[in-house]
Structures are given as C-alpha cells and as structure tokens.
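I have placed the structure first, in the form of structure tokens, so that the comments after it can refer back to it.
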Amino acid sequence: PLTVHTGNAVEPESGRQFFLDFPCDLEPGEPVTCVLNLHGGGSLGNWQRHYFPIFHYKDEYDLVVATPDAGEAGPGTWNPETDDAYLRGVVDYVFDMFADHDITFWFAGHSFGGLTTRRLICTDFYQAKDPVGFVSLSGGRVGSPRPGRDGEIAPLPECDFSHVFTAGEHENS
C-alpha cells in the first residue's frame with residue numbers, strides 16, 4: 001500500500017492524485033521554488049519521491065514539490081494524449097495555491113521523466129511559467145543520443161533554460 005499510494009493532493013480537472021510537499025510556515029510574498037518531479041517509464045510518483053527525495057529539503061530551501069503519476073491505472077509512461085493536460089493542471093493547481101509567492105519553476109525527471117521534461121519545457125504553457133530549467137536524472141539530457149536511433153543526437157530544445165544531468169552513483173549507465 002505504501003508503494004502504490006498516489007498522493008496527498010488532487011488535480012481538480014481530472015481528479016487524479018499527486019504528491020505535494022511544501023513548508024507549512026511560508027509567509028505571503030516569500031519566494032518559493034516549485035519543482036515538477038517526474039518519474040521514469042513504468043514507475044510511480046511515490047517511487048520518484050524517494051529516488052529523488054528533494055521533498056526532504058522543502059523546509060530548508062522553501063521548496064514546493066509536485067510529484068505526479070503517469071497514466072490513470074498504475075505504472076506507466078508519460079503520454080501526451082493522456083498526461084499532458086493533467087501535468088498542466090498540476091502546475092496550475094500549485095501556481096494557484098502559491099499565487100501570493102514569488103515562484104521559481106524547475107522540472108526534475110528520471111529517465112523517461114527527463115525525456116518528457118525535454119519535450120515539455122519549451123511549450124507555450126511552461127514558457128509562460130518561466131521555467132528556469134530541469135534536472136535530468138539518468139535520462140533526457142541535452143545533447144544525448146535518442147533511444148533506439150543508432151546514436152542520433154536529439155535536436156536541442158529551442159528555448160532558454162538551465163540543465164543539470166546526473167546518473168547517480170548507483171546507476172548502471
């Protein structure tokens with residue numbers, strides 16, 4: 001039950017749950033950093049929360065961390081047709097909830113979550129949120145070969161952002 005728990009917040013439009021972690025002592029006007037934390041393909045938001053436990057630092061760095069699940073019926077991959085509107089809804093929910101704060105926005109994504117971030121970061125919706133950048137955790141790095149494409153380098157996203165890539169000490173690649 002702990003592993004498949006889907007979160008403590010609900011995206012209003014779809015009714016899908018997600019994890020939302022933030023400091024309880026924020027004062028209006030305080031700056032916060034919002035992180036949309038995306039899991040890899042076939043995984044779950046709760047797994048991502050503990051793989052990249054940025055929520056442990058929410059109080060120290062005034063972080064607002066949203067960690068959703070892909071797909072509506074368990075582990076999945078981020079699908080543009082079924083998940084993009086949900087992710088926009090999660091981000092809108094967070095921005096509305098913290099509207100009285102100065103928000104800096106980041107993505108974080110493991111593997112397919114990193115590739116999804118790469119796909120989304122330059123879209124009009126996210127550009128309107130003025131994303132600073134994304135942290136790629138074992139996937140989705142800028143300038144890396146496309147999966148299954150014989151080393152073909154994916155085109156660079158066409159917007160300004162910062163990018164951090166890490167494979168982690170326990171990763172195989």
Side-chain angles (χ1 to χ4, degrees), residues 1-28 30-121 123 125-126 128-140 164 166 168 170:
L2 179 62
T3 304
V4 296
H5 180 52
T6 56
N8 57 357
V10 177
E11 189 277 316
E13 197 67 30
S14 68
R16 289 167 61 180
Q17 290 181 286
F18 65 99
F19 287 96
L20 183 59
D21 298 287
F22 57 90
C24 294
D25 62 350
L26 290 172
E27 296 292 330
E30 276 188 90
V32 295
T33 300
C34 173
V35 180
L36 183 61
N37 192 17
L38 303 180
H39 65 73
S43 190
L44 297 165
N46 202 10
W47 180 89
Q48 175 68 12
R49 247 177 118 233
H50 296 281
Y51 172 78
F52 183 57
I54 190 171
F55 73 96
H56 286 297
Y57 300 96
K58 64 184 175 53
D59 295 313
E60 185 176 351
Y61 296 104
D62 291 335
L63 300 174
V64 176
V65 184
T67 311
D69 279 324
E72 295 185 47
T77 58
W78 299 104
N79 182 323
E81 294 175 13
T82 58
D83 293 315
D84 282 9
Y86 163 61
L87 291 174
R88 288 189 301 269
V90 167
V91 171
D92 278 342
Y93 180 88
V94 170
F95 270 68
D96 289 348
M97 187 172 179
F98 294 93
D100 60 350
H101 295 273
D102 179 19
I103 301 173
T104 300
F105 180 62
W106 278 81
F107 284 95
H110 172 256
S111 191
F112 200 80
L115 292 172
T116 300
T117 293
R118 182 187 172 110
R119 178 175 61 79
L120 295 176
I121 197 165
T123 63
F125 175 83
Y126 292 102
K129 304 297 185 200
D130 200 21
V132 172
F134 73 98
V135 178
S136 298
L137 307 161
S138 299
V164 178
T166 182
H170 301 291

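Position 1 is the first residue of the sequence, and the numbers go up from there. This structure is a prediction, so every number in the text was calculated from the model and none was measured. FYI, side chains are in, hydrogens and waters are out, and symmetry mates aren't considered; it's all heavy atoms of this structure.
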- Item | Sub-6.0 Å ring centroid separation between Tyr51 and His110 | yes
- Query: Just how far is it from atom CZ of Phe19 to atom CG of Leu44, taken to the nearest 0.5 Å?
  - Reply: 9.0 Å
- Task: Report, as yes or no, whether the 6.0 Å neighbourhood of atom CZ on Phe125 holds more than 12 heavy atoms from other residues, nucleotides or ligands.
- Result: yes
- Query: Do Phe107 and Thr116 come close enough that some side-chain heavy atom pair is under 4.5 Å?
  - Reply: no
- Task: Apply the test side chain to side chain contact (heavy atoms under 4.5 Å, CB included) to residues Val64 and Met97: give CA-CA distance (whole Å), side-chain angles for both, the deciding distance (0.1 Å), then the verdict.
- Result: CA-CA 10 Å; Val64 176; Met97 187 172 179; over 6 Å; no
- Closest approach of Pro12 and Tyr93, non-hydrogen atoms and distance? CD-CD1, 3.6 Å
- Query: Hey, which of Thr6, Asn8, Asp69 is the one that makes side chain to side chain donor-acceptor pair (under 3.5 Å) with Gln17?
  - Reply: Thr6
- Distance from Ile54 atom CD1 to Thr67 atom OG1, nearest 0.5 Å? 8.5 Å
- Do Phe22 and Phe98 have their ring centres less than 6.0 Å from each other? yes
- Between Leu20 and Ala9 the two heavy atoms that sit nearest each other are CB-CB, 3.9 Å
- Message: Quick one, Gln48 with Leu137, criterion side chain to side chain contact (heavy atoms under 4.5 Å, CB included). Give me CA distance, side-chain angles, the key distance, then yes/no.
- Response: CA-CA 10 Å; Gln48 175 68 12; Leu137 307 161; 3.8 Å; yes
- Item | From CG (Asn79) to CG (Asp84), nearest 0.5 Å | 8.0 Å
- Does any N or O in the side chain of Thr123 come within less than 3.5 Å of the main-chain N or O of Leu120, such that one atom is a donor and the other an acceptor? yes
- In this structure, are over 12 heavy atoms from other groups packed under 6.0 Å from Glu13 atom CD? no
- Message: Working note: His101 + Phe95, criterion ring pair (Phe, Tyr, Trp, His ring centres under 6.0 Å); need CA distance, chi angles, decisive distance, verdict.
- Response: CA-CA 9 Å; His101 295 273; Phe95 270 68; over 10 Å; no
- Query: Short question: side chain of Glu30, backbone of Glu27 - any donor-acceptor pair under 3.5 Å?
  - Reply: yes
- Item | Tyr126 side chain near Leu87 side chain, heavy-atom distance below 4.5 Å | yes
- Message: When you measure from the side chain of Asp83 to the backbone of Gly71, do you find a donor-acceptor pair of N or O atoms at a distance under 3.5 Å?
- Response: yes
- So how far is it from His50 NE2 to Phe55 CZ, rounded to the nearest 0.5 Å? 4.5 Å
- Compare every heavy atom of Asp59 with every heavy atom of Cys24, then report the nearest pair and how far apart it is. N-OD1, 4.3 Å
- Message: Minimum heavy-atom separation for Arg118 and Ile121, please, with both atom names.
- Response: O-CG2, 3.9 Å
- Scanning both residues in full, the closest heavy-atom pair of Leu38 with Pro68 reads CD2-CG, 3.8 Å
- Query: Does the pair Trp78 and His39 meet the rule for a side chain to side chain contact (heavy atoms under 4.5 Å, CB included), with working shown?
  - Reply: CA-CA 9 Å; Trp78 299 104; His39 65 73; 3.6 Å; yes
- Show your reasoning for whether side chain to side chain contact (heavy atoms under 4.5 Å, CB included) applies to Leu63 and Trp106. CA-CA 10 Å; Leu63 300 174; Trp106 278 81; over 6 Å; no
- For the student: nearest non-hydrogen atoms of Ser14 and Tyr86, plus distance: OG-CD1, 3.6 Å
- Rounded to the nearest 0.5 Å, the CG atom of Leu36 sits from the OG1 atom of Thr117 at a distance of 6.5 Å
- Task: Hey, could you give me the CZ/NZ distance between Arg88 and Lys129, rounded to the nearest 0.5 Å?
- Result: 11.0 Å
